2 protein chains.
Amino acid sequence: MAVSVSQIANECIAVRLRLINRAVSNIYDDALRPFGLKVSQMNILVVVSLRKIVRPSEIGEVLQIDRSTLSRNIDRMKSRDWLESIEDEDARAQPVRLTKSGKDLLKEVSPAWEEAQAQATELMGDKFIASVRDTARQVSQLS
Amino acid sequence: MAVSVSQIANECIAVRLRLINRAVSNIYDDALRPFGLKVSQMNILVVVSLRKIVRPSEIGEVLQIDRSTLSRNIDRMKSRDWLESIEDEDARAQPVRLTKSGKDLLKEVSPAWEEAQAQATELMGDKFIASVRDTARQVSQLS
DNA sequence: TACCATTGATTGTACATGCAACCAAGTGAA
DNA sequence: TTCACTTGGTTGCATGTACAATCAATGGTA
């Protein structure tokens with residue numbers, strides 16, 4: 001016996017997770033807008049900052065982003081002078097690192113991030129936050 | 001004293017939530033691909049199915065989607081003959097409902113949805129699922 | 001009635017996302 | 001050494017996402 005449409009409506013995790021994701025991303029995007037930065041790109045800055053020098057495919061694995069998506073996001077960030085590519089022994093690889101501007105930007109946005117984090121926490125509650133943190137650790141190698 | 005970059009890396013909710021969201025959306029998109037349907041559009045089908053006749057702006061409120069985003073998504077779904085617009089006393093409004101094809105599609109994809117839901121549950125664990133459900137109820141009027 | 005603010009939706013623009021197909025570099029085995 | 005396979009990345013395409021600006025219909029008020 002297949003599930004009913006109302007069961008999909010009432011139980012679908014994807015609908016709910018995507019809804020929450022949009023709400024939360026909007027909070028961060030609003031806070032970061034004065035800096036010309038979106039949360040999607042801040043995510044990448046943060047990973048590069050943690051790893052110092054990192055290949056796009058590693059970023060993709062950590063953040064669960066497709067290689068092709070990342071390729072173009074990194075392009076945009078390079079043209080904004082937040083990232084730069086460096087040489088690798090393997091000529092196929094195009095590892096990146098933060099530029100000075102990229103490092104400065106991350107520092108500058110810290111207060112705005114903190115404000116967004118506080119808003120998100122208030123919106124969703126500590127329990128959800130903790131749950132997200134646990135699950136992310138389970139799904140990814142991020143921190 | 002502003003937060004440090006490593007604090008952003010280690011605590012940012014948005015990074016983690018977006019990461020999980022991508023992983024989960026991919027599970028559902030994979031399952032729905034044979035039907036030419038993506039989870040983003042299934043979300044809309046489900047809301048329309050629940051409300052029978054509904055204005056785009058109501059859908060947007062429930063799912064936290066911008067009106068302009070929805071406008072184009074609905075266009076695509078109308079050209080696939082899953083939705084149709086109907087008249088309203090208020091000539092500005094463009095309420096939609098499911099077509100027969102739309103209703104049939106929702107029924108057809110039920111088993112695929114069920115499979116995706118099971119995979120997502122296994123990936124993330126029951127605790128997270130429950131947490132997502134609670135939080136969604138808090139943020140939206142969906143179900 | 002005339003005007004203005006509000007509301008529902010669309011359009012221009014830019015960016016994010018992923019699949020399929022591709023290219024180039026490296027690797028391993030016959 | 002050669003050739004098939006793998007791996008890192010890019011490109012074509014379609015869709016999803018949101019902000020700003022706009023348009024059209026409505027509603028309230030002078």
Side-chain angles (χ1 to χ4, degrees), chain A residues 14-15 17-34 36-44 53-61 63-80 82-83 85-96, chain B residues 14-15 18-34 36-45 53-61 63-80 82-83 85-96:
Chain A
V15 177
L17 187 55
R18 291 170 58 86
L19 180 167
I20 297 168
N21 182 61
R22 278 188 295 267
V24 170
S25 289
N26 287 342
I27 291 174
Y28 287 80
D29 281 345
D30 286 349
L32 297 173
R33 186 161 305 122
L37 183 65
K38 299 187 70 177
V39 67
S40 47
Q41 301 196 354
M42 193 199 70
N43 294 176
I44 296 170
I53 289 176
V54 61
R55 296 180 185 179
S57 52
E58 293 178 68
I59 303 176
E61 199 175 342
L63 294 180
Q64 301 275 301
I65 297 176
D66 189 82
R67 266 183 262 174
S68 62
T69 300
L70 217 41
S71 181
R72 286 175 257 237
N73 290 355
I74 288 174
D75 271 354
R76 284 185 274 263
M77 296 174 73
K78 279 161 69 174
S79 67
R80 279 172 183 70
W82 294 335
L83 295 182
S85 293
I86 62 177
E87 297 267 309
D88 195 277
E89 304 100 39
D90 188 335
R92 289 169 303 181
Q94 298 289 317
V96 293
Chain B
V15 178
R18 291 170 58 86
L19 180 167
I20 297 169
N21 182 60
R22 278 187 294 266
V24 170
S25 289
N26 287 342
I27 292 174
Y28 287 79
D29 281 345
D30 287 347
L32 297 173
R33 188 161 305 120
L37 183 65
K38 299 187 70 176
V39 65
S40 47
Q41 301 195 352
M42 193 199 70
N43 294 176
I44 296 171
L45 285 182
I53 290 176
V54 60
R55 296 182 184 177
S57 53
E58 292 176 70
I59 303 176
E61 200 176 341
L63 293 180
Q64 301 275 302
I65 297 176
D66 189 82
R67 264 183 262 175
S68 62
T69 301
L70 217 42
S71 181
R72 285 176 256 238
N73 289 354
I74 289 174
D75 270 354
R76 286 185 272 263
M77 296 174 73
K78 279 161 68 175
S79 66
R80 279 170 183 70
W82 294 335
L83 294 182
S85 292
I86 61 176
E87 297 269 308
D88 195 278
E89 303 101 40
D90 187 334
R92 290 169 302 182
Q94 299 291 319
V96 294

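Below, read A as the first sequence line, B as the second, and so on, with proteins coming before strands; counting in each chain starts at 1. Computed from heavy atoms alone, side chains included, the values below leave out hydrogens, waters and symmetry copies. Note that the coordinates shown come from a computational prediction; the quantities given were computed from them, not determined experimentally.
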Ranking A/Ile65 and A/Arg80 by the position along DNA chain C of their nearest nucleotide, the one closer to 5' is A/Arg80
Give A/Asp30 one of three labels, base, sugar-phosphate or nothing, depending on what nucleic acid heavy atoms sit under 4.0 Å from its own.
-> sugar-phosphate
Between C/dG18 (P) and B/Ile27 (CD1): distance, integer Å = 13 Å
If only side-chain N and O atoms of B/Ser57 are considered, is one of them under 4.0 Å from the OP1 or OP2 phosphate oxygen of C/dA9?
-> yes
Where each residue is assigned the nucleotide of DNA chain D containing its nearest heavy atom, which of B/Arg76 and A/Pro56 is assigned the position nearer the 5′ end?
-> A/Pro56
Between the protein and nucleotides 20-22 of chain D, are there any N/O to N/O pairs under 3.5 Å, and if so, what are the atom names and distances?
none

Nearest whole angstrom, please: distance from the P of C/dT7 to the CG of B/Asp88.
-> 16 Å
Look at the side chain of A/Arg67 against the base of D/dG9 and say whether a donor-acceptor pair falls under 3.5 Å; ignore hydrogens and angles.
-> yes
Please state how far atom CZ in B/Arg22 lies from atom C1' in D/dG16, giving the value in whole angstrom units.
-> 14 Å
Contact under 4.0 Å: A/Gln41 side-chain N or O vs C/dA16 OP1/OP2 | yes
Is there a donor-acceptor pair closer than 3.5 Å between any side-chain N or O of B/Gln41 and the backbone N or O of B/Lys38?
-> no
By side-chain hydrogen bond (donor to acceptor under 3.5 Å, both in side chains), which residues pair with A/Asn26, not counting sequence neighbours?
-> none
Are B/Thr69 and D/dT17 close enough that a side-chain N or O sits under 4.0 Å from OP1 or OP2?
-> no
So does B/Ser40 reach the base of D/dG16 with its side chain, donor to acceptor, closer than 3.5 Å?
-> no
Can you pull every protein N or O that's under 3.5 Å from an N or O on nucleotides 24-26 of chain C?
residue : atom : partner : partner atom : Å
C/dA25  : N3   : A/Arg92 : NH1          : 3.2
C/dG26  : OP1  : A/Ala91 : N            : 3.1

B/Gln94 side chain near C/dG8 phosphate (N/O to OP1/OP2, under 4.0 Å) | no
5'-most by nearest nucleotide on DNA chain D - A/Glu58 or A/Arg18 = A/Glu58
Can you list the residues that meet the side-chain hydrogen bond (donor to acceptor under 3.5 Å, both in side chains) rule with A/Arg67, with sequence neighbours excluded?
-> none
Shortest side-chain distance from A/Ala93, nucleotide among D/dT15, D/dG9, C/dC15 | D/dG9
OP1, OP2 of D/dT15 versus side-chain N and O of B/Asn73: anything below 4.0 Å?
-> no
side-chain hydrogen bond (donor to acceptor under 3.5 Å, both in side chains) filter on A/Ser57, not counting sequence neighbours, yields none
Quick one: salt bridge (charged side-chain N to carboxylate O under 4.0 Å, His left out) pairs with a partner in residues 17-32 of chain A, sequence neighbours left out?
-> A/Asp30-A/Arg33
Could you give the distance from CG (A/Asn73) to CG (A/Leu63), rounded to the nearest 0.5 Å?
-> 10.0 Å
Please report, rounded to the nearest Å, how far the P atom of D/dG8 is from the CD1 atom of A/Ile86.
-> 16 Å
